[in-house]
Amino acid sequence: MMDSEILSAFSTHATIIILKMMLMAPVTTYFRLTRKAFANLEDTKLVSSREDKKLICVDPDVERVRRCHQNDLENIIPFVLVGLIYALTGPPLSSALLHFRLFTASRICHTVTYLGAFPQPCRALCFLLGVAVTFSMAYHVLATAFVL
């Protein structure tokens, strides 16, 4: 039977990383406004009295934030889906906590290293840790509940 502590721990960690992912949208907006680099012509009116085609540009800082946000979407959504199924299989509490804590830490560190432009392999190691955690949980799910 499922341990409610496991589901509580999963809910806590899933909420933390989802909020972190949601925070990336305002960070992108901040960078767009401060760098005056917009994707759409109508958005330029936020900083100019008229639409200005010169403000439609690609800024490396804005693109860095966007790529970080995209990476979150590609990794956090699978973690939440696999993690929920994993939590429902009733793994040992210590194993579940280890998985949830490692993934949460890896995503926070990934964001810090991405936005801070830390040298590689810092960001890659954070990314790979998160992917490994998700695959480890998926393996446990399949090993526990594999039925064809």
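Positions are given from 1 along the sequence. Values below: all heavy atoms of this structure, side chains included; hydrogens, waters and symmetry mates excluded.
A side-chain contact (heavy atoms from CB on, under 4.5 Å) with Asp59 holds for exactly one of Arg35, Arg64, Arg32; it is Arg35.
At a threshold of 4.5 Å between non-hydrogen side-chain atoms, the residues Thr113 and Gln120 do not count as touching. Looking at heavy atoms from C-beta onward, Glu63 lies out of side-chain contact with Thr28 at the 4.5 angstrom threshold. Two residues are said to be in side-chain contact when any heavy atoms from C-beta on lie closer than 4.5 Å; Ile6 and Pro91 meet this criterion. Contact of the Phe100 side chain with the Val133 side chain is not registered, since no non-hydrogen atoms from C-beta on lie closer than 4.5 Å. Looking at heavy atoms from C-beta onward, Val62 lies out of side-chain contact with Phe38 at the 4.5 angstrom threshold.
Rounding to the nearest 0.5 Å gives a distance of 10.0 Å between CE of Met137 and OG1 of Thr89. Between Phe135 atom CZ and Leu128 atom CG the span is 11.0 Å, to the nearest 0.5 Å. To the nearest 0.5 Å, atoms OG1 (Thr134) and CG (Leu129) are separated by 9.5 Å. Interatomic distance, CD1 of Ile17 versus CG of Asn75, reported as 9.5 Å (0.5 Å rounding). The NZ atom of Lys36 sits 14.0 Å away from atom CD1 of Ile56, with the distance rounded to the nearest 0.5 Å. Taking CG of Asp61 as the start and OG1 of Thr34 as the end, the distance is 8.0 Å to the nearest 0.5 Å.
Evaluation of the salt bridge (charged side-chain N to carboxylate O under 4.0 Å, His left out) rule for Lys20 yields Asp72 as partners, not counting sequence neighbours. Take Arg123 and apply the salt bridge (charged side-chain N to carboxylate O under 4.0 Å, His left out) test, not counting sequence neighbours, and it matches no residue.
Other residues, nucleotides and ligands contribute only 12 or fewer heavy atoms inside 6.0 Å of the CZ atom of Arg66.
Cluster annotation: Phe127 is not connected to Ile76 through the hydrophobic network of ILVMFWY side chains, with a link wherever side-chain heavy atoms come within less than 4.5 Å. Clustering ILVMFWY residues whenever any of their side-chain heavy atoms sit less than 4.5 angstrom apart, transitively, puts Leu81 in a cluster other than the one holding Ile16. Residues Leu93 and Leu102 share a hydrophobic cluster, clusters being chains of Ile/Leu/Val/Met/Phe/Trp/Tyr side chains in contact below 4.5 Å. Residues Met22 and Leu115 fall into different hydrophobic clusters, defined by Ile, Leu, Val, Met, Phe, Trp and Tyr side chains chained together at heavy-atom separations under 4.5 Å. Leu84 and Phe79 fall within a single hydrophobic cluster, where Ile, Leu, Val, Met, Phe, Trp and Tyr side chains are chained together by heavy-atom contacts under 4.5 Å.
In summary, the side chains of Ser95 and Tyr86 do present a donor paired with an acceptor at a separation below 3.5 Å, with no hydrogens or angles considered. In summary, the side chains of Ser136 and His99 do present a donor paired with an acceptor at a separation below 3.5 Å, with no hydrogens or angles considered. Using modelled atom types, one finds a donor on one side chain and an acceptor on the other under 3.5 Å when comparing Tyr114 with Arg67.
Scanning both residues, Ser106 and Gly130, for their nearest heavy atoms gives OG-CA, 3.4 Å. When all heavy atoms of Ala87 and Leu7 are compared, the pair lying nearest together is CB-CD1, 4.2 Å.
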Run the side chain to side chain contact (heavy atoms under 4.5 Å, CB included) test on Val27 and His69 for me, step by step, so that the C-alpha distance in whole Å, both residues' side-chain angles and the decisive distance to 0.1 Å come before the verdict.
CA-CA 9 Å; Val27 171; His69 192 186; over 6 Å; no
Steps toward side chain to side chain contact (heavy atoms under 4.5 Å, CB included) verdict (Val112, Arg107)
CA-CA 9 Å; Val112 169; Arg107 293 315 303 172; over 6 Å; no
Begin from the C-alpha positions of Tyr30 and Val65 and carry the test side chain to side chain contact (heavy atoms under 4.5 Å, CB included) through to its verdict.
CA-CA 10 Å; Tyr30 169 79; Val65 176; over 6 Å; no
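No close placement of the Phe103 and His13 rings is indicated, their centers lying 6.0 Å or farther apart.
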